[in-house]
Amino acid sequence: MVDLSQLNPRQREAAKYIDGPLLVLAGAGSGKTSVITRKIAYLIGSCGIKAHHIAAVTFTNKAAREMKERVSSLVGKGGAKGLTVSTFHNLGLNIIRFENKTAGYKPGFSILDQDDCKGIIRDVMHREHGDDGDMIELVQNAISSLKNDLIEPHQAIEMATSPQEMMIAQTYEVYQRMLRAYNAVDFDDLIMVPTLLFMKHEEVLARWQKKIRYLLVDEYQDTNTSQYELVKLLVGHRTGLTVVGDDDQSIYAWRGAKPENLSLLKKDFPTLKLVKLEQNYRSTGLILNAANRVIDNNPHEFEKKLWSDKGYGDPIRILKCRNDEVESERIATEIVERRLRYGCGYKDFAVLYRGNHQSRVIEMKLQAYQVPYKLSGGQSFFGRNEIKDIMGYLRLLINPSDDAAFLRIINTPRREIGPTTIEKLSEYAAMRGISMMSATTEMGLEQMLMPKAVDRLRRFGHWLENITKNAYTDDPVAAIKEMIADIDYEGYLLQNSGTPNQAERRMKNVWFLIDSVNKMIEKADEVGEEVTIEDAVGKLILRDMMEQQEQEDETDQVQLMTLHASKGLEFPHVYIMGMEEELMPHRNSIEADTIEEERRLMYVGITRAKRTLALTYAGKRRQYGEAITTTHSRFLDELPPDDITWEGRDESSEEEKKQRGQETLSSLRNMLADF
DNA sequence: CCCGGAATTCTTTTT
DNA sequence: GAATTCCGGG
């Protein structure tokens, strides 16, 4: 029997209700993860549902991993065997992989990230419309929305009502054809393709419905139309559905999330039961109160009043600093000092910010004080050129049709194959209807290219063919290592990095990547699962499993991340920096009038804090290299004045003057450093 | 075709 | 200030 005694009555009700579709409205810190994990344990342990018939879907790999661990600790490793806990995208990947024939893809298909897709769209638009570059982003977003709404190219063309829409639809059509030709999918396809597959092929849907008998969805307010459709299809007319969400934490509308999916649920599942979790177990009273006050400024569909029986706790502090460097300096020194005062670890502190670029200054200061930190999220790892290069090689290894990967690496490192040669090769490949990779070894090339160029292409083609053969017949990791040695990537880095030191660090990233592939294959071997190199590369692009390693060497480090990335996490002590107009709320959001979503982001940030919360802003900030004067964020004015202490707000106040007098020396230094 | 320096653009947020 | 793109001379 599964122990549900640690849950409060509402939570227990949510965990035990399995007779129909259930919506759990779970406020921040109300223990929703406990409910989901215990419900899964309950389904397995008390309802006799086999783990492999249960699927739980979340939005981040981190959340998925944590959930799986917690379920395992409740029911034991054996009990959780076969349980699916994954992101929507990973579930979609598995479905496409399994059904690749029906879906029209070959086994080693690639997953393209935004950069790759953008490149393709740029090509298409250039070719079809002779367009210069500034519509690309718009078109890419438009195509993404179309896919999120499950609209296929031919429908988009029918629906187009303006020349611009027509242009987008046509670009979409060609783009999608190219993806097919490359044997590739983009992130949106990972959801759209399975959903359309389910709609068009009853037997496929039946197979997955048979497999997944109980579905749980976390962070439901973040689902987009296609994800919701996928959920509906999987559940069908059955009752095995629990979704958990909080409309106040909807912060992904910009990428197609439809928080109204929460209320749509009532329509689509008339027997839907609603359970609200309103007791917060995370934050002190003052923090929770502040969060409630901020979010009160937004309209609400679902009434919800979060309460806590924890004490009031420390007041929330707002710190004004002279400039962004002082701001970071302040946070860094406080962390050093408070760690000793509270006797807690570095890991108990989190510094949150609106945009990834803001991490630089705080990183510098933390380094100066030798404070260990962990920067999470950002494309820091996968955005790195060396990683994109090697991923390009890996992708080409498992999918020779992947022209996007081919283009990335054909002349990296330098093989003296320039734009002219590539242009001609591409022309030839298009003419013959084959991939660029297979075109390299064709005989017909002589007619179009200089013998020298043909020779270079051929050498490359045969070389990679050979490596590919080794990867499939021999030890794949050894083949990859051989490949990297062959191209002397290390030498290339040494040549092209600023300092040898930098080159070394980049090379370490590469080895880390290879090690990830290795670990994944080894790990699969242990469990007796068959994981191919295709799986490994696919998951890598979805950023799955990188974090697994990060987690292994989890140490005592200050957590640095964006507000978005902080959702779902909690920390004893939280700093939110850059609380300034145009930054938080972000300028684009002010212009686009999406302040409400920014406010929810603020709400998410505040509710991460368990014990103390400090909000900081800088009077002057460096932006694009020059100093600008800032105004403090409007959200600061929405906090309950009685519960907060301002520091350094009024330059001319008595206290400030006194302080200034006391720190002549340091202020002199600051003035010198003050731009 | 490559290299180096100059000019330019650029920053939301993520799977 | 950094990263990308542009441009002219080997």
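Per chain, numbering begins at 1; letters A, B, ... match sequence-line order.
The ring-ring contact (aromatic ring centres under 6.0 Å, His included) test applied to A:Phe59 returns A:Phe88, not counting sequence neighbours. For A:Phe109, the ring-ring contact (aromatic ring centres under 6.0 Å, His included) criterion is met by A:Tyr105, not counting sequence neighbours. The side-chain hydrogen bond (donor to acceptor under 3.5 Å, both in side chains) search around A:Asp593 returns none, not counting sequence neighbours. By the side chain to side chain contact (heavy atoms under 4.5 Å, CB included) test, A:Asp149 pairs with A:Ile151, A:Thr225, A:Lys258, sequence neighbours left out. In this structure A:Tyr228 satisfies the ring-ring contact (aromatic ring centres under 6.0 Å, His included) test together with A:Tyr220, sequence neighbours excluded.
Distance check on atom P: C:dC6 versus B:dT11 gives 15 Å, rounded to whole Å. Rounded to a whole angstrom, the distance from the C1' atom of C:dT5 to that of B:dT12 is 23 Å.
A close approach under 4.0 Å does not occur between any side-chain nitrogen or oxygen of A:Asn385 and OP1 or OP2 of C:dA3. Considering only side-chain N and O atoms, A:Thr87 lies nowhere under 4.0 angstrom from the phosphate OP1 or OP2 of B:dT14.
With 3.5 Å as the limit, one finds no donor-acceptor pair spanning the side chains of A:Asn399 and A:Tyr182.
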N/O-N/O pairs, protein side and nucleotides 8-12 of chain B side, under 3.5 Å:
from	atom 1	to	atom 2	distance (Å)
B:dT11	O2	A:His357	ND1	2.1
B:dT11	O2	A:His357	NE2	3.3
B:dT12	OP2	A:Asn588	ND2	2.7
B:dT12	O2	A:Arg354	NH1	2.6
B:dT12	O2	A:Arg354	NH2	2.0

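Using a 4.0 Å heavy-atom cutoff across all strands shown, A:Arg414 reaches sugar-phosphate atoms only and no base atom.
Spacing between atom CE of A:Met561 and atom C1' of B:dT13 amounts to 14 Å, rounded to whole angstrom units.
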